[in-house]
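Below: one structure, written as structure tokens.
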Amino acid sequence: MQWFAGKKVFITGGSKGIGRAAALQLARSGASVVVAARGAEALDETVAAMKAAGGAGTFGRVSVDVTDAAAVEAAAAEALELLGGIDVLICNAGYAWPGLVEDAPLESFEAMMRTNYLGHVHTVRAFLPRFLEQGHGHINLVSSVIGFLPVYGYAAYSASKFAIVGFAGALDLEVKPRGIQVSLFYPPTTDTPGLAKENEIKPPVAWAIEHDSAFSATYTPEQVADHLLRHIASGRYQATHGFPNQLIYHFNRLAPGIARWMNHDEVAKAMKKVAAGKVHAPSRGGGPK
Ligand SMILES: NC(=O)c1ccc[n+]([C@@H]2O[C@H](COP(=O)([O-])OP(=O)(O)OC[C@H]3O[C@@H](n4cnc5c(N)ncnc54)[C@H](OP(=O)(O)O)[C@@H]3O)[C@@H](O)[C@H]2O)c1
């Protein structure tokens, strides 16, 4: 992607899944990339893969937990040093821990707010002084389809992803007049290590909804990362991937009452199936995330 040639990019959650696929594509496009995550092994493997991808950029990694604001500040300083500046920040680290409100541990509500929402806040705040000083740059925040569409069994995750949307909107108002572009991306269900873990504990009704939904589709990390990067390069504010999700996004906004009724109808049918013992959780796949 020509737009990224020579750009300096920092990606949280860049060692696996969508973030890793984006890092590799950026490397091929001639960008310099620093990936951030907690696990050193996957980070090293991603840096090696970026080098093998053959771009002309500089590649590096920082090991950091995005829930720790002070550690993120230190990581940002290290990344600015490695890259020699910053053009594009992609806040992508996050995960889903599904469960019903009545029996999900309180820890899941707190933990996802800390990683999914506050992780983005910490990362943005760590790089913002540099962006404002230079008066240009792009900040992309990764939410989820569940950041605009509530889904059964995902209350805690949904809240953390809706929070990102509110944060992005206000951030955009503050920094756009000062030359900084903000964008939002809502990934769909994507076949990543994160999805595999989430599927292990997905509630049966959520499985049944996905199984029966005409809108259910699972995409590869490469497809989703490609759209994420094209979206950033386009300069537009928000995007989701896949025609069904685009349709759901617009329908949900234009006819929220009908969308809610349809959502309830799907849940009611799924509950009947589960009660009748007709649900066999597939090993992969699913509806919007
Ligand atoms: N896959 C989907 O179906 C889907 C759908 C909608 C939205 N999304 C969103 O898209 C983003 C990427 O998802 P994915 O499926 O590609 O995830 P993934 O395969 O689980 O990879 C997550 C990445 O984030 C890092 N990470 C997780 N917690 C972190 C923390 N506290 N601090 C620093 N790094 C952390 C992980 O590395 P370490 O574990 O080593 O730290 C890894 O590099 C997430 O925000 C997710 O919510 C995914």
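Both ligands and their constituent atoms are indexed starting at 1 by order of listing. Owing to the predicted nature of the structure, the values given are computational and were not obtained by experimental measurement.
Annotation: E110, atom CD; neighbour count of heavy atoms from other residues, nucleotides and ligands within 6.0 Å is above 12.
Ligand-side atoms of ligand 1 in range of P188: 2 (C), 3 (O), 4 (C), 5 (C), 6 (C), range being under 4.0 angstrom from any heavy atom. The contact set between ligand 1 and S15, taken as ligand atoms under 4.0 Å from a residue heavy atom, comprises 37 (O), 42 (C), 43 (O). Applying the 4.0 Å criterion to heavy atoms of G194 picks out, from ligand 1, the atoms 18 (P), 19 (O), 20 (O). Ligand 1 places these atoms under 4.0 Å from at least one heavy atom of V64: 32 (N), 33 (C).
Close N/O approach between S144 and ligand 1 is not found [any backbone or side-chain N/O within under 3.5 Å]. For a threshold of 3.5 Å applied to N or O pairs, the pair formed by P187 and ligand 1 contains no separation below that value. Considering backbone and side-chain atoms together, V145 places no N or O closer than 3.5 Å to any N or O of ligand 1.
Counting only non-hydrogen atoms, the option in T67, D65, L195 that gets closest to atom 31 (N) of ligand 1 is D65. In this comparison of L118, V224, N92, the heavy atom closest to atom 45 (O) of ligand 1 sits on N92. Scanning A93, G94, G17 for the heavy atom closest to atom 22 (C) of ligand 1 points to G94. Selection from T218, V142, L141, I146 by nearest heavy atom to atom 10 (O) of ligand 1 gives V142. Taking all heavy atoms of S143, A96, A37, A75 into account, the minimum distance to atom 34 (N) of ligand 1 is reached by A37.
Between F127 and F10, the ring planes are tilted. Angles from 30° to 60° get that label. Aromatic ring pairs are classed by plane angle as parallel below 30°, tilted from 30° to 60° and perpendicular above 60°; the pair Y186 and Y249 is tilted.
Between H241 and Y219, the ring center distance clears the sub-6.0 Å criterion. Annotation: H227 is in aromatic contact with F185 [ring centroid separation under 6.0 Å].
No hydrogens or angles considered: nothing links the side chains of T240 and N245 as a donor-acceptor pair under 3.5 Å. For the residue pair S183 and N140, a side-chain donor N or O sits within less than 3.5 Å of a side-chain acceptor on the partner.
Within the 4.0 Å heavy-atom cutoff, Y157 counts among the residues contacting ligand 1.
Residue contacts with ligand 1 for K197 are absent, since no atom lies close enough (heavy atoms, distance under 4.0 Å).
In the hydrophobic clustering of this structure, L149 groups with I164; members are Ile, Leu, Val, Met, Phe, Trp, Tyr whose side-chain heavy atoms approach within less than 4.5 Å, directly or through other members.
Of the listed residues (Y157, W97, Y154), just one forms a side chain to side chain donor-acceptor pair (under 3.5 Å) with E198, and that residue is Y154.
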